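Notes follow once the structure below has been shown.
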Amino acid sequence: MNYWLMKTEPDEFSIDDLKRRKSEPWTGVRNYQARNYMRDGMRRGDGVLFYHSSCAVPGVAGVAEVAVSAYADPTQFDPKSAYFDAGSPREAPRWLMVDVKYKRKLKRVIALTELKQHDELNGMILLRPGNRLSVMPVTKPEWDFVLGLE
DNA sequence: GCCAACGTTGGC
DNA sequence: GCCAACGTTGGC
C-alpha cells in the first residue's frame, strides 16, 4: 500500500464536495509526472492526503482513498471541456485519472505553514521549493506524522 | 493581484 | 536539441 497527496482548489472541489459525492473521478490532471504517479504507482486502496490549495488556509483537509486505479480521462476527448487535448490519440490516450473515495474530513485543516515547521517533514515533496505537482507520493512516516498532528 | 518557479512550445 | 517566450501554478 502506498500513500499520496492530491491537491485541489476547494472553490472547485473541496473535501466537503467529496464527502457528498462519496467518490469522484479525478479529471483534469495534465502534467506528465503527476500522470505517471497515477499510472505507475497508484493502486486501489492507497491512502490519499486531500490537500486544499489556492485558498485562505492551504493545507491537508481530509483523507481519501484510491477507489479505481488509472484509466483514460474522458475530458481529454471532449472539445467542450477545459481539459480537451486535441493531440491525444484515441487508441493511446495521453491522460489518465483515478477515482478517489472519501474517507474522512480532518477535525481541522493542517495548514501548510504548520507542516513547514516540522523537521520530520523536511523531505516532503509538497514542501520542496517550486513544487507544482498536483499528485505526489508521501512516505509512510510522513503520512503518519501529518495525521498525528491532527 | 503579484510574482517566482517551473513546464511546454516552437523557431532555428 | 537548444533556448527564449509564454502559460500555469500556487503561496503570499
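Just so we're on the same page: letters track the sequence lines, and every chain starts at 1. These figures come from a predicted structure and were not determined experimentally.
- When the side-chain nitrogen and oxygen atoms of A/K7 are compared with OP1 and OP2 of C/dG10, one or more of them lie within a distance under 4.0 Å.
- At a threshold of 4.5 Å between non-hydrogen side-chain atoms, the residues A/P93 and A/D73 do not count as touching.
- The CG atom of A/D11 sits 14 Å away from the P atom of C/dG10 (whole-angstrom rounding).
- In this structure, the nucleotide among B/dG7, C/dG11, B/dT8 sitting nearest to the side chain of A/K116 is C/dG11.
- Between A/W95 atom CH2 and B/dT8 atom C1' there is a gap of 10 Å when expressed in whole angstrom units.
- Atom CZ in A/R35 sits about 14 Å away from atom C1' in B/dT8, given to the nearest Å.
- Among the atoms of the strands shown, only primed sugar atoms or phosphate atoms (P, OP1, OP2) are found under 4.0 Å from some heavy atom of A/L133.
- Distances from the side chain of A/Y51 to the nucleotides C/dC12, C/dG11, B/dT8 place C/dG11 closest.
- For the pair A/N131 CG and C/dG10 P, the computed distance is 8 Å after rounding to whole Å.
- Here the C1' atom of nucleotide C/dC12 and the CD atom of A/E114 are 18 Å apart, to the nearest Å.
- For the residue pair A/D17 / A/S14, a side-chain donor-acceptor distance below 3.5 Å is found, with atom types taken as modelled.
- The interatomic distance linking A/N36 (CG) with B/dG7 (C1') rounds to 14 Å, in whole Å.
- By the 4.5 Å heavy-atom criterion applied to side chains, A/R35 and A/W95 are counted as neighbours.
- Rounding to whole angstrom units, CG of residue A/L127 and C1' of C/dT9 are separated by 16 Å.
- Side-chain contact between A/L49 and A/L147: present, with at least one pair of heavy atoms (C-beta onward) separated by less than 4.5 Å.
- Rounded to whole angstrom, the span from the CZ atom of A/R128 across to the P atom of C/dG11 amounts to 16 Å.
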